[in-house]
Amino acid sequence: MSPPPFRRVLVANRGEIAVRIARGLRELGIEPVGICSDPDRTATHTLAFPRMIAIGGQTALESYLDIDKVIDAAKRASADAIHPGYGFLSENPAFARAVRDAGLTFIGPTPEAMEILGSKGTAKDAAVAAGVPVVPGSNRDQGDDAMLAREADAVGFPLLIKAVAGGGGKGMRSVRSKEDFAGALATARREAKAAFGDDRVLLERFVHPARHVEIQVIADDHGDVVSLHERECSVQRRHQKVIEEAPSPVVDASLRQRMGEAATALARRVGYRNAGTVEFLVDDNLDFYFLEVNTRLQVEHPVTELVTGVDLVHLQVHCAAGGRLRDLLGGRDLEPRGHAIEVRIYAEAPANGYLPAAGRLQLVREASGPGVRVDSGVRTGDEVTVFYDPMLAKLIVHAPTRAEACARMAQALRDSVYLGIETNVDFLRRVVDDEGFRAGDLRIDFLDRKPELAAGPADAPPDLALVAALLAPLGVAAAPGAGGSRPASTTALWQSVEGLRLWEAAR
């Protein structure tokens with residue numbers, strides 16, 4: 001396989017995904033160039049690039065979302081191409097078109113495909129045309145609330161109101177009865193307008209109970225589209241994914257083939273190029289329904305990489321450079337091998353409605369060991385600001401079986417220490433240790449049905465990092481119980497104290 005004809009690629013992102021893409025580019029012999037805002041001048045991702053271009057600004061709107069600044073940085077660096085990562089401008093067709101108009105290569109889909117698939121309404125129309133099963137509903141919003149109320153009666157309750165232009169749960173409301181519809185519609189419109197500048201919505205029958213299962217696809221410029229199989233993403237909070245895994249605990253070879261064929265048919269229908277993800281709802285009868293398409297690399301792409309043995313960033317770059325998938329993947333056995341699980345480590349307070357946290361990370365100690373991967377965007381001393389998404393890292397494990405992967409993830413979470421601000425590490429460990437999770441009994445309302453997982457033990461200290469910081473100078477730690485064991489409620493405190501002692505000793 002010859003290297004892609006790119007000499008230099010600008011990565012228009014920050015945090016762990018910028019670090020991960022930079023590593024992939026270097027492996028291909030391509031020089032990565034990074035960008036940073038003013039708050040990110042000393043951020044960890046800046047260390048991953050031999051050249052870093054400061055584009056100014058504090059907020060995302062003033063920096064990573066400023067198309068002119070990003071294009072100008074690429075030109076200043078004499079870059080051949082731009083990789084958008086995920087989030088920010090990655091699914092913005094205006095940005096993809098601006099990159100193309102500037103004579104650069106956009107490492108992602110065409111703006112035309114983005115425009116079709118970026119709207120839930122036109123994406124659903126394309127899915128129907130491709131013969132993909134869809135949830136019954138209506139996408140005929142013309143700003144007439146009375147007409148939508150009549151459409152809601154026809155769809156039936158319960159139903160979902162969803163922003164046409166959006167994602168991530170913004171502008172989405174579930175409606176149980178006709179009496180609740182008007183209020184939920186008004187709220188969804190307000191949220192959609194604020195988040196996406198577009199208050200149009202669509203209506204869908206509420207498929208419940210359901211799993212969230214997605215198919216990773218990759219397409220080249222020569223008409224070939226390949227499915228890299230499914231990921232289970234049913235553990236969510238506020239319609240945002242928390243834990244992902246591959247393969248799904250319920251998808252067998254037959255269902256995998258049918259879902260893969262549906263996803264690739266949709267991609268061919270719209271002339272899709274590069275990496276993308278087709279998302280589905282799967283009900284208890286294992287019938288599946290189209291949900292949406294993410295026209296970019298996904299946060300959870302590592303689990304696919306670990307079970308298929310491919311590097312998705314490498315494939316993205318090769319396809320953007322005109323490479324053929326039959327040359328890149330020809331003859332390879334892409335069937336899932338073993339089991340991979342990913343958790344998203346956030347600076348947030350699960351017990352307080354997942355409220356984002358900010359502050360300085362006094363100590364970062366990441367898990368390691370066989371079958372453990374950490375895609376990290378932080379290090380000890382980093383400042384977590386209020387300006388950007390509070391994800392700190394992704395912890396991914398791979399093992400021969402799902403049971404072994406669960407056990408490996410639980411231990412890796414026990415080995416993970418992030419001190420100085422509140423994180424969701426203990427919450428993630430409780431989820432992975434939960435009997436229902438271990439049994440693979442997952443639905444998109446999994447966390448809603450188990451609020452105790454977010455709340456944590458009733459006797460847990462309110463701020464473990466603060467308590468540990470107070471005890472550490474005194475050399476005091478939570479005492480082990482009989483036989484050296486520690487009560488579950490003091491495990492996190494013990495680890496915090498132990499971690500701070502190591503940190504103090506190394507200063």
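- His212 has its side chain within reach of Gln236: a pair of non-hydrogen atoms, C-beta onward, lies under 4.5 Å apart.
- Separation of the Tyr388 and Tyr64 ring centroids falls under the 6.0 Å cut-off.
- Using a 4.5 Å cut-off on side-chain heavy atoms (C-beta onward), Arg256 and Pro336 make contact.
- Within 6.0 Å of CD in Glu452 there are more than 12 heavy atoms belonging to other residues, nucleotides or ligands.
- Residues satisfying the side chain to side chain donor-acceptor pair (under 3.5 Å) test with Glu91, not counting sequence neighbours, are Thr295, Arg296.
- Side-chain contact of Arg200 with Ser119: a donor-acceptor pair under 3.5 Å is absent, judged by distance alone.
- Here the side chains of Glu300 and Lys394 are not in contact, with every heavy-atom distance at 4.5 Å or above.
- The pair Arg173-Glu191 counts as a salt bridge, with a side-chain nitrogen and a carboxylate oxygen less than 4.0 angstrom apart.
- A salt bridge links Asp311 and Arg20; the closest N-O separation between the charged side-chain nitrogens and carboxylate oxygens is under 4.0 Å.
- Here the two rings, on Tyr354 and Phe427, have centers that are under 6.0 Å apart.
- Applying the ring-ring contact (aromatic ring centres under 6.0 Å, His included) criterion to Phe280, with sequence neighbours excluded, gives Phe288.
- With sequence neighbours left out, the salt bridge (charged side-chain N to carboxylate O under 4.0 Å, His left out) criterion links Asp389 to no other residue.
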